[in-house]
Amino acid sequence: MKEILKEEVGRSLRSRGMTLSLALGGIIAAAQVIHYQVPYHDWNLTNDMEAFPILYPFAVADSWIGGSTEYLEGFLYFLIIPILAVLPFGASYFSDQASGFLKGLYTRVSRKDYLAAKYLAAFLSGGLAVVLPLILNLLCALVLLPNLTPQSVFAHNGICAASLFYQIYFSHPAVYIVIFLCLDFVMGGVWACTALACSFLSDYKIVVAVCPFFLQLMIHVICTMLNGIEYSSVYFTQSGYGIQNTLVPAAYVLLGLMSAWVIFRKKGAKVDIF
């Protein structure tokens with residue numbers, strides 16, 4: 001199990017899909033820096049805060065890509081998280097089966113160990129692909145902007161007393177951001193594993209790869225139409241929107257990982273690859 005897990009994780013990190021995903025995510029993250037963070041930096045330098053006490057400088061907590069829902073690049077990034085997560089390794093089981101790679105692999109590794117290693121590797125690679133561009137954007141914000149404690153009267157986002165962890169946000173914003181980075185990592189893993197479960201739905205790789213994206217898009221559209229955007233993963237994964245109900249992300253993670261594993265394990269154990 002250890003050997004096949006090491007091999008699968010290595011394949012996921014060295015894949016062209018990982019490079020493509022990081023490049024795409026990095027471009028969007030960099031665009032947000034140029035579009036918002038650099039002007040905010042200039043505004044902080046050109047305004048005299050001492051002469052006008054009512055002014056409050058732009059800070060890291062609400063100026064990084066996940067800090068507010070008003071950023072176009074932020075909305076785009078969190079909308080395509082399933083694509084970023086799937087690109088590295090989400091469709092790799094389909095490729096392994098279609099290429100005949102599994103025929104040779106199953107002669108030296110048990111099917112059970114391979115499926116478990118594939119699932120873990122997809123989860124890890126999906127999480128990394130999602131969170132690394134976010135960390136890059138956050139580091140840029142830390143260089144350009146002060147890491148000040150947010151003020152509720154000068155808020156640039158929707159964090160309030162109804163939001164989960166709002167006390168941490170207004171007292172230790174760095175800790176709050178780390179919590180959401182962890183959530184984004186897990187959600188990236190969930191979408192990557194969802195693609196594995198979709199490997200048996202079609203004979204075309206592109207269909208497998210885009211299934212998680214269209215699943216999230218469908219949920220997002222339904223939530224928007226029903227005026228319940230707090231249930232959409234496009235929003236609750238953004239630290240600037242916050243989490244209104246703890247059960248929502250918990251349901252996404254638990255149901256997503258468990259259902260994906262059950263389907264992938266059951267179908268993968270029965271499929272005839274010879």
Side-chain angles (χ1 to χ4, degrees), residues 17 20-21 24-25 28-29 65-66 68-95 118-119 122-123 125-127 129-131 133-134 158 163-164 180 182-268:
L20 179 60
S21 179
L24 178 59
I28 298 175
I65 192 169
S68 175
T69 56
E70 68 183 23
Y71 305 138
L72 175 62
E73 294 85 354
F75 176 80
L76 175 62
Y77 189 93
F78 288 94
L79 179 66
I80 67 168
I81 273 182
I83 295 177
L84 299 177
V86 169
L87 279 174
F89 219 50
S92 61
Y93 177 84
F94 182 94
S95 299
K118 176 70 72 177
Y119 191 84
F123 179 86
S125 61
V130 167
V131 82
L134 294 177
S163 304
L164 188 67
F180 274 83
C182 293
L183 174 61
D184 296 335
F185 179 92
V186 173
M187 286 302 301
V190 169
W191 292 122
C193 293
T194 301
L196 290 180
C198 296
S199 298
F200 313 95
L201 295 179
S202 173
D203 294 330
Y204 298 96
K205 184 177 179 179
I206 185 64
V207 175
V208 175
V210 300
C211 270
F213 170 73
F214 282 105
L215 176 60
Q216 177 181 250
L217 183 62
M218 180 183 68
I219 296 173
H220 175 69
V221 170
I222 293 175
C223 291
T224 303
M225 293 176 61
L226 297 178
N227 196 28
I229 59 174
E230 66 271 15
Y231 297 100
S232 170
S233 58
V234 177
Y235 282 102
F236 72 70
T237 50
Q238 301 184 50
S239 64
Y241 183 82
I243 299 173
Q244 312 300 320
N245 188 338
T246 314
L247 296 178
V248 175
Y252 269 83
V253 173
L254 294 178
L255 291 178
L257 290 178
M258 291 176 62
S259 59
W261 170 244
V262 170
I263 295 173
F264 181 61
R265 177 71 175 84
K266 184 176 180 180
K267 292 288 187 178

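Note that the structure is a prediction, hence the values are computed from the model and not measured.
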Next on the checklist: Checking the side chain of T237 only, and the main-chain atoms of S233 only, is there a donor and an acceptor separated by less than 3.5 Å?
Outcome noted: yes
Item to check | Parallel, tilted or perpendicular, as decided by the 30° and 60° cut-offs, for the rings of F200 and F264 | outcome: tilted
Item to check | Gap separating the OG atom of S232 from the OH atom of Y241, nearest 0.5 angstrom | outcome: 9.0 Å
Checklist entry - Of the non-hydrogen atoms in E73 and I65, which two are nearest, and what is the gap between them? => result O-CD1, 4.0 Å
Item to check | Heavy-atom closest pair, residues V86 and A192 | outcome: CG2-CA, 4.3 Å
Checklist outcome for this item: Tightest non-hydrogen contact, residues L201 and C211, listed as CD1-SG, 4.2 Å
Checklist entry - Can you name the nearest heavy-atom pair linking G90 to L196, along with the distance? => result O-CD2, 3.3 Å
Next on the checklist: Applying the side-chain contact (heavy atoms from CB on, under 4.5 Å) criterion to F180, which one of I243, V131, L134 satisfies it?
Outcome noted: I243
Checklist entry - Does L84 reach the side chain of L24, with side-chain heavy atoms less than 4.5 Å apart? => result yes
Item to check | Contact check, side chains of L257 and Y119, non-hydrogen atoms, under 4.5 Å | outcome: yes
Checklist entry - Do other residues, nucleotides or ligands put more than 12 heavy atoms under 6.0 Å from the CZ atom of F213? => result yes
Checklist entry - Between the main-chain N or O of F89 and the side-chain N or O of S92, is there a donor-acceptor pair closer than 3.5 Å? => result yes
Checklist entry - Would you say F75 and Y235 make side-chain contact, with heavy atoms under 4.5 Å? => result yes
Checklist entry - Counting distance only, does the side-chain N/O of Y77 pair as donor-acceptor with the main-chain N or O of V130 below 3.5 Å? => result yes
Checklist entry - Any sub-3.5 Å donor-acceptor pair from S239's side-chain atoms to G66's backbone N or O? => result yes
Checklist entry - Side chain of Y93, backbone of A197: donor and acceptor closer than 3.5 Å? => result no
Checklist entry - Aromatic rings Y252 and F236: how do their planes relate, parallel, tilted or perpendicular, breaks at 30° and 60°? => result perpendicular
Checklist entry - If you take all heavy atoms of E230 and V248, which pair is closest and at what distance? => result O-CG1, 3.9 Å
Checklist entry - How about C223 and I219: do any of their side-chain heavy atoms sit closer than 4.5 Å? => result yes
Next on the checklist: Are the side chains of L79 and L217 in contact, using a 4.5 Å heavy-atom criterion?
Outcome noted: yes
Checklist entry - Using 30° and 60° as the class limits, which term best fits the ring planes of F123 and F185: parallel, tilted or perpendicular? => result perpendicular
